[in-house]
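Fair warning: this is a prediction, and the values are worked out from it, not measured in the lab. Reminder, nothing fancy here: chain letters follow the sequence lines and each chain counts from 1. Hydrogens, waters and symmetry mates play no part in the numbers below; they use all other heavy atoms, side chains included.
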Amino acid sequence: MSATRYLERLRRRAWTLLGVRAALFGLGAGALLFAVAALIVGPVSSTLGAIAAWSTIVVGSMAAAGWSMRSTRALRGSAIARLIADIDPALASLARSAAELSVAPAGSPALVAAHARQVGVALETLPISRVAGFGWFKHRSLGAAALAAAVAIAMLLSFDRGATGAFALLHPGARDAEGRSLADVVSNVRWRLVYPSYMNRSAENLTDQAIVHAPFGTSITLDLKTRIAAGEARVQIGDQAIRLATKDDHSFHGQIVLRESGEVSLRFLSADGWLTDRKPRSLVAIEDQAPQIEIVEPDANRVIEPEERLSVVYEARDDVGLERLQLVIQAPELEEERRDLPVEPADGSPANGESMTAQGSTELQLDKLSLRPGDRVRIWIEASDGDTLRGPKLGRSVERVLTVASEATRRAEAIGNLETLRDQGLEALADRLEAPLGTTVDEARQRHERISPSLSFFLEAADKQVKELGEDDADIVRGLVAQIRPAAERELATYEMSSPSLTKLRRLDENIVQQLEDGVLTLADRLGQARLEDAAEIARELELLRREMVSLLSELRRTNSPEARQRLLAALSRARQRLTDLRARLAALAQDVPGEFLNAEALATEEKEAALDQFAKALESDDLEAAADGLHELERELDALAEALGNAQGSYQEARFGARDRALAEVLDTLVGLENEQRRLAGHSDAVRQRAARRALEASQAKGQGLAELSQATRRALKTIEGISSQPLGAVEKETLDRAAQRVADTRDALASGDLGEARRMAEEASVALQNVTRDLELAALMFPGARGETADVAARARLAEEQVAHLQVDLDRAIPRLQDHVTGDEKAGLFKDLNRQQRVESLAEALQKKLLEQGQGARRATTAADSIADALRAMSVASDGLQRSDPVQAASYQEEAARRLTQAREQLERDQQSPNGDSSGQGGGQGKSAVRDRRRVEIPTAPEDAAQPEIRRQLLDAMRQKAPSGYEEAVRRYYEELLR
Amino acid sequence: MKPPFRHLPIRYAPALFLAAAITLPGGQATTARALPSGSAGRDIRTANEAFAAVDIEAAEAHLDAVADDARSDPDFLNAEAALHFHRGRYGAAVSAIEDSLAARPARGAGDPRKEMAQLMRSTRDATSRFVQQASADGRYQVFHEPGRDALIVPYALEALERTDAALYEELGYRHPGPIRLEIYPNTRALAKVSTLTEEAIERTGTIALCKWDRLMITSPRALLRGYPWIDTIAHEYVHLVLTRMTGDHAPVWVQEGLAKLLERRWRSSSDRAPIEPAVESLLADAVKRDELIPFEKLHPSIALLPSQRDAALAFGQVATFFETYRKTQGRSGIRALVQALRSGSDARQAIASIAKAPFGKVEEGWKTALRSRNRVTKHAPRLLDKKIGDRDEDELAAMQANARRYVRLGDLLWGRQRFRAAAAEYAKAHKLDEDDPTIATRLGRAALAGGDPSTVAATLSELVKRYPQHAPTRALLSAAYWARGSIDSARENAIEAIRLNPFDPRPHCVLSHLEEDNTLRGERERNACLSLGGSSDDPTR
């Protein structure tokens, strides 16, 4: 680098450093001048004053800076080289000469150049920053500047007038939106908040708050002091302007009631005119919030039992304070009931004045609400606060709907269970379908680990559902589990082998997939059918309600009483509810039952709703004729609905269960044939027995062993039983005693017809009954013999009767001859001939049992029916033995038993056929089920018409003596009818 | 007898509606008993004759010429009502015919004004909410209910414009315009404006009509899987042109044959009649067994044939007859036939005259061509029924029992969003009945949702050749090809799918990806995709 160039760079750097130093010095001076000016000017500055102040500041600052630059003469020309002298005086001299020679060369140019080169080389070793460095800032002028700035800041911060003056100088001519000058006028503001009395909160003081939050209606007192003298002060809040009272020319006072939020503007009339305080302030009016209430219990809509006492637990809170809490109840026969609830603070202490929470519980006695199964009760809690300014705020909890348990809710639950199970089955199936078995056993094992939990879950859920589902649905599920579980266990066992075959694993997997597919489809079919049945049931309930409404409408016409109207409205409310239920059910139906089975038009609910609306409107306008028309229209619609649902049920049943039904019908046909054949065989044997018995009797009479004594003993026993007072007897004892009396009477009748065998059996049954009743009565007599020993007396009589019957049994045993000895040769041949027929029945029954077990797939009814056939087979075997030995008693007795067991099996299957998927069992009701009611005339079999059924006849007569519970007469009657069929 | 409605049955079911159709009041205004005397009477009579020949412009000119003092005459009012009706001014038509009836009440069966008034009222009521969209030059006007049907209007306008041009090239005739297309939301509305009963429409499968100088179609959203609605518009347009060109003298079999032959001329240069593979098989079989239906049996309506098979066969016959005719006689032969029909010639005689051979020989030539056209296949595609409504239970009910079982399982799994498992079950059903497009598309849908577009393409690519008009197959294929990056195939299938069922979002979503973002078409497809609930991000969804 040449010396000239070096010196030029040095000059530039020196100028820069000196310039910065001068500027800083000028700023320090300016700051001091600004502070002084602010103190002089104060909060309010005139424009002229501001100009003068700023002029002084600027001039002063510049002068200071200029003074600071005074030493820059030394930087001009070659004199700059002097700066080097402080480090290297010789070099400074050389550099200066080189610089001068470069401007005015003198002497040999070569020498000049050589000199310049030499100086350049020497200068290269000396960095410019060393010559002119930041050390130059360690100058006393900068110390002075810093001191001046510090003094200025202290002045501005220490003196209020300084700070306000600074604002005035910095914002000359600043104005608010309405053109008033802005100034730092207010030195101090104090807010006193007096809250509305209903809030019960103590007053509060705030000082110099920029934003004040206060509840609506709060009274706010404002005290403020100004820096300048003002003749008048005003406060503007939104559109509201208030003139403040003057204490002195620096103190003002005023009061406002907070009605709206807004900016607060403080305005003052000073000697310079109206001024607005520059600080932004605002008031925020807090609106009173409505109370919030939560029903903690019940935490969701739920099903309730009619007699349940429901605990309603609640929590309420309000920002102001709770004044009133009410539980509101709506039920069909209840317009709207409101119950006051205690307002108790949650923590047991009084309200703290800012907000309040309350909690508590109340009990709802549902049996007081005249509820019927299926009714909906709506409850909610309302709370009001104590806002007296704008009126109490009302809060309302979420509504809870309580549905009274009914057949419909139970059906819905069962359907939900079925649906859940179907979905779990689908998940298990999907897991298998979505994961390929793999190509190695290891892959298959890993897959099995992944997919087996869903299958286990399904099977566990199925086990659980078996306990919760209705009898028939449980039967279906049991059947599925019986198929799938063994397959799953086989698969698991195969995986646990050390080296299973992949082919076998694949086969097992395919088997389980198929089982799951079958299971899922069976559940889906059943679900569809259950939904159809459910919808049909609701439609029937709706029809019953319609009939009730027709009847109530007639009553209203007759009496025109408010009670009749009220009841009619309650029925209408129920009908509406059922219709809502029906709509929901039909919507769900469409998901599970394909449209091909549904007549969408007939199943639409709009027309039914319209009919109910028409009825409601007519009732409201007192047009009872139109109301009747509405009900008539509803009837038409419900008829169409019932027909559509009936058709849907029929076609769905046929499509989904037709094959199964046909198989069942085949089994039933075979069973009926076997049953009839077995009865015929029993009839033959019994006829032989009766003839042999007559001959035996004749033979015994010939031996002088008449029946007169036996008849007399029977009558004695009967008289003893009839003489037992029924007063101290309980219902069970009385029933047992009645049965004993009937059996003794039967013994008498059998003796009268010469049937000693039958008489023996009846006497035995009478003896068992008497033993039971005697034991019970003697026990009772030990503990409670009665005031006059009535119970003990009755027990003694019962004991006597028991003994008499026991003797009678012994006498009968002695009187009965060996019938086999009285069977003729022809009769023996006939019995032997029947043996072949009996064996054929036996073999067919065995095949049927096997078929049933295969078809039933573990279903409970099929299994039970198969068990009954097994019992029949055992009886047939003994009967065959009797036939072989020409023993008509054994043959007839066991043939009858076999026939009875076959009947039992048939009845099981018939029930299965009538309600193959659980439409009746465990579901109560029964009236109007979808299965067509059997209209055959029912007669109690009498002895002459069917001598083979005396036992059924007796059992039936016994049972029919019992009085059916009130309201169940029809159901009991139908039950007997079914038994008889 | 003049042909009844030109209509396109969507299924070729036996129909009894024709009796009703034949007895409908004609398009022309009926002449009352005593026309006004003088030139007014002549003008009205001439106007009525022009209506009968579907020369609406001439009829209008004659009515305009009627002097003011004769304009309150019931016959003039009746003719004026007919003019308004043909022009789509239904409110004015009702007023005019009611004025006519007020001036001279209808007496007896010979005066059909009462029935006409009822039809006009029904039409006015059925179209009262309609909105109009027209081409830029106003020549093509589409009327529809506000709402979703607006979506198909741009496609309809494009088809009308291109069909117009194609038919001008083919037949040398240009409708003076404006050309009015009405889209009805359902078959009930179509019944109202046609006086056919809803039951008759349902039974015969009538989905579109051409009468009173306008085109009437049912919205494809009224059918479960849509229908070839855009070809139907073109088909009806051919009827409209032929009716005008022949003065409504073309017999039904000529009308249907030419309409079928030319319905795709706007988008295809192929000389072959667009016959479905199922109908091709029927034709081949009928030729082999010599069971073709004589043309005289097609009169007065194909829809009156005793079975769906016969109706389909008849459509195939007439279409292929004119395909052969056009091949031998060329475009000029078609034009000459139309000209001859206009002059009142019998169609058979006209054809014989143009071909310079007895009609029987022409017919033989067609049969020969038919024999070489297709061979009888062992497994012919089935004729697909078009379903009105939005439920597919009938299709399920028609499935094989075993296949149906797996389809039910698939549906249940689909409902639980186990798509791959659902696909596995549908695949089992498909294996049992590989030719059932309903099963195949369910499989395709589940496979696509399960992220397996290859299965979709493998399953449906052959099936679509057998059932080219099965909209779900087209839509799924478009998405599957898109997912596999086969852009041309995706585009082709998406376009075809829209031509069958424009209310399926999937093909629109596919096209929205294939079209440029800033183009009108791209924007249209994107909007359609979104408005129909599709996923513009992933058309396979």
Side-chain angles (χ1 to χ4, degrees), chain A residues 418-437 447 450-451 454-455 458 509-510 512-528 588-601 603-604 648 651-652 654-659, chain B residues 186-188 198-199 202 222-225 385 387-432 438-439 442-443 446-452 454-455:
Chain A
L418 268 179
E419 191 171 12
T420 306
L421 195 59
R422 182 202 64 183
D423 291 346
Q424 285 163 346
L426 277 170
E427 290 299 320
L429 175 63
D431 280 353
R432 280 185 182 259
L433 291 172
E434 289 185 351
L437 190 70
R447 169 186 180 265
R450 281 200 312 276
I451 62 171
S454 59
L455 182 60
F458 169 62
D509 181 59
E510 284 168 359
I512 292 179
V513 165
Q514 195 191 331
Q515 301 285 1
L516 279 171
E517 286 173 344
D518 290 343
V520 162
L521 284 179
T522 305
L523 288 170
D525 288 344
R526 174 61 200 129
L527 185 62
L589 192 64
Q591 300 296 316
D592 289 312
V593 177
E596 66 197 79
F597 298 107
L598 303 174
N599 175 352
E601 205 168 313
L603 293 181
S651 53
Y652 191 78
E654 173 54 31
R656 296 285 187 259
F657 302 102
Chain B
N186 46 46
T187 48
R188 189 179 306 163
E198 206 179 332
E199 186 271 332
E202 177 101 11
L223 279 84
L224 177 65
R225 293 189 307 263
D385 203 1
K387 302 293 174 199
I388 291 173
D390 55 5
R391 296 180 69 113
D392 58 358
E393 273 79 16
D394 290 349
E395 289 180 342
L396 289 178
M399 280 176 196
Q400 284 183 21
N402 284 341
R404 195 178 172 194
R405 175 178 183 276
Y406 292 119
V407 168
R408 278 190 70 209
L409 282 163
D411 288 351
L412 286 168
L413 288 162
W414 173 267
R416 292 195 63 74
Q417 302 198 326
R418 300 297 299 257
F419 303 126
R420 283 161 55 211
E425 293 293 355
Y426 291 135
K428 291 177 191 172
H430 179 64
K431 203 172 171 185
L432 291 171
T438 304
I439 296 174
R442 271 176 154 85
L443 167 59
L448 201 59
D452 182 13
S454 299
T455 297

* Compare every heavy atom of Glu434(A) with every heavy atom of Phe419(B), then report the nearest pair and how far apart it is. => N-OE2, 3.9 Å
* Structure fact -> Rounded to the nearest 0.5 angstrom, the CG-CZ distance for Leu521(A) and Arg408(B) is 5.0 Å
* **Contacting moiety of Arg432(A), where chain B heavy atoms sit under 4.5 Å** => neither
* Asked: Any side-chain heavy atom of Lys428(B) sitting closer than 4.5 Å to one from Leu433(A)?
  -> yes
* Asked: About how many Å separate CZ of Arg418(B) and CG of Leu426(A), when rounded to the nearest 0.5 Å?
  -> 9.5 Å
* Asked: Are any non-hydrogen side-chain atoms of Leu412(B) and Leu429(A) less than 4.5 angstrom apart?
  -> no
* **Separation of Glu517(A) CD from Glu425(B) CD (nearest 0.5 Å)** => 4.0 Å
* To do: Check whether Ala421(B) gets within reach of chain A through its side chain, its backbone, both or neither, counting any heavy atom under 4.5 Å.
  => both
* Structure fact -> Comparing Val520(A), Asp431(A), Val513(A) against chain B, the one with the most heavy-atom pairs below 4.5 Å turns out to be Asp431(A)
* To do: Take atom CZ of Arg188(B) as the centre, draw a 6.0 Å sphere, and report whether it contains more than 12 heavy atoms from other residues, nucleotides or ligands.
  => no
